[in-house]
Amino acid sequence: MSFADPAARPVMRPGQALCALADIADPGGRGFIVECDGEKLEIFVVRRGPDVFGYANDCPHVGTPLDWQPDVFLNVDKTLIQCSTHGALFRIADGICVEGPCRGDRLKAVHIKLVDGLVVLAA
Ligand code: FES
């Protein structure tokens, strides 16, 4: 299931399954709202084959969300994460910016894990 309005997404908490791995396009991404230590945070998960990578949905350049449409986080050829505001490109595996105004900065990683085919927000 995908939510056209990100604000309508359910709030997930550490230890909960965010979705099934199969619910994320390969390669592709999906956004979530999580609550950690009483604070709501927008995050996203990128899938590449059997691997998933989680990041705060917060560009290190000026702090805007990266997706230009709900659940669209990758560039056209789906090899890098792309910020919708000024086009910065980030490596999927480590979130480091390799092109754009915040080159060398990195996305804030969010610890997620795969458990029996489910993408789980680590406690
Ligand atoms: S806000 Fe992301 S590149 Fe400027």
Side-chain angles (χ1 to χ4, degrees):
M1 182 189 312
S2 180
F3 292 90
D5 177 4
R9 293 178 172 149
V11 177
M12 313 301 281
R13 292 184 173 73
Q16 282 188 299
L18 300 173
C19 66
L21 177 64
D23 290 340
I24 305 175
D26 181 21
R30 190 158 168 195
F32 301 92
I33 298 175
V34 300
E35 186 173 309
C36 295
D37 300 326
E39 281 191 47
K40 284 186 185 166
L41 176 69
E42 282 190 50
I43 69 165
F44 65 99
V45 174
V46 173
R47 176 183 180 188
R48 191 172 59 188
D51 300 318
V52 287
F53 307 89
Y55 297 103
N57 190 5
D58 184 8
C59 182
H61 181 216
V62 293
T64 58
L66 287 97
D67 46 330
W68 62 279
Q69 286 186 354
D71 299 327
V72 177
F73 293 93
L74 300 182
N75 60 345
V76 171
D77 61 5
K78 299 184 189 299
T79 55
L80 295 161
I81 297 164
Q82 184 166 28
C83 177
S84 62
T85 304
H86 304 111
L89 296 168
F90 304 85
R91 290 195 301 237
I92 290 172
D94 60 12
I96 291 182
C97 180
V98 293
E99 189 176 318
C102 48
R103 189 181 181 103
D105 287 346
R106 70 188 316 157
L107 299 170
K108 183 180 178 206
V110 174
H111 191 56
I112 56 170
K113 57 187 178 181
L114 283 173
V115 180
D116 297 331
L118 299 175
V119 180
V120 176
L121 183 64

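All values derive from a computational prediction rather than experimental measurement.
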Margin query: Test your reading of the model: is there a side-chain donor-acceptor pair from Asn75 to the backbone of Leu80, 3.5 Å cut-off?
Written below: yes
Arg48 and Ala93 have their tightest heavy-atom pair at NH2-CB, 3.8 Å
Note: Val52 and Leu21 closest approach over all heavy atoms is CG1-CD1, 3.4 Å
- Any side-chain heavy atom of Phe90 within less than 4.5 Å of one from Cys102? yes
Measure the acute angle between the ring planes of His61 and His86, then classify it against the limits of 30° and 60° as parallel, tilted or perpendicular.
perpendicular
Original post:
Is atom CD of Glu35 surrounded by more than 12 heavy atoms (other residues, nucleotides or ligands) closer than 6.0 Å?
Top reply: yes
Check: In the single-linkage hydrophobic clustering (I, L, V, M, F, W, Y; side-chain heavy atoms under 4.5 Å), do Ile96 and Ile92 co-cluster?
Finding: no
Practice item. Without swapping roles, check the side chain of Glu39 against the backbone of Cys36 for a donor-acceptor pair under 3.5 Å. Key: no
(request) Measure the shortest side-chain to side-chain distance between Leu74 and Thr79 over non-hydrogen atoms and say whether it is less than 4.5 angstrom. (result) no
Problem - Contact check, side chains of Ile81 and Leu107, non-hydrogen atoms, under 4.5 Å - result: yes
The single option from Cys59, Pro101, Cys97 that satisfies side chain to side chain contact (heavy atoms under 4.5 Å, CB included) with Cys83 is Cys59
Problem set entry | Any Val98 side-chain heavy atom under 4.5 Å of Arg91 side chain | yes
*Would you say the side chain of Val110 lies within less than 4.5 Å of the side chain of Val34, judging by non-hydrogen atoms?*
no
Would you say the side-chain atoms of Tyr55 pair up with the backbone N or O of Asp94, donor to acceptor, closer than 3.5 Å? yes
ask   = Hey, are the side chains of Ile43 and Leu18 touching, using non-hydrogen atoms and a 4.5 Å cut-off?
value = yes
| Short side-chain to backbone donor-acceptor contact, Asp71 and Gly31, under 3.5 Å | yes
task = Find out whether Val45 and Phe53 are in side-chain contact, i.e. whether some heavy atom of one side chain is under 4.5 Å from a heavy atom of the other.
result = no
Subject >> Side-chain (Thr64) to main-chain (Thr85) donor-acceptor, under 3.5 angstrom >> reply: no
(message) Keeping Asp67 on the side-chain end and Val72 on the backbone end, is there a donor-acceptor pair under 3.5 Å?
(response) no
For the hydrophobic clusters of this structure (ILVMFWY residues joined by side-chain heavy atoms under 4.5 Å, transitively), does one cluster hold both Ile112 and Leu118? no
Rounded to the nearest 0.5 angstrom, the CD1-CZ distance for Ile33 and Phe44 is 14.5 Å
Scanning both residues in full, the closest heavy-atom pair of Cys19 with Phe32 reads SG-CZ, 3.7 Å
Counting only heavy atoms not in Asp116 (residues, nucleotides, ligands), do more than 12 fall under 6.0 Å from its CG?
no
key: Arg47 side chain to Gly49 backbone, donor-acceptor under 3.5 Å   = yes
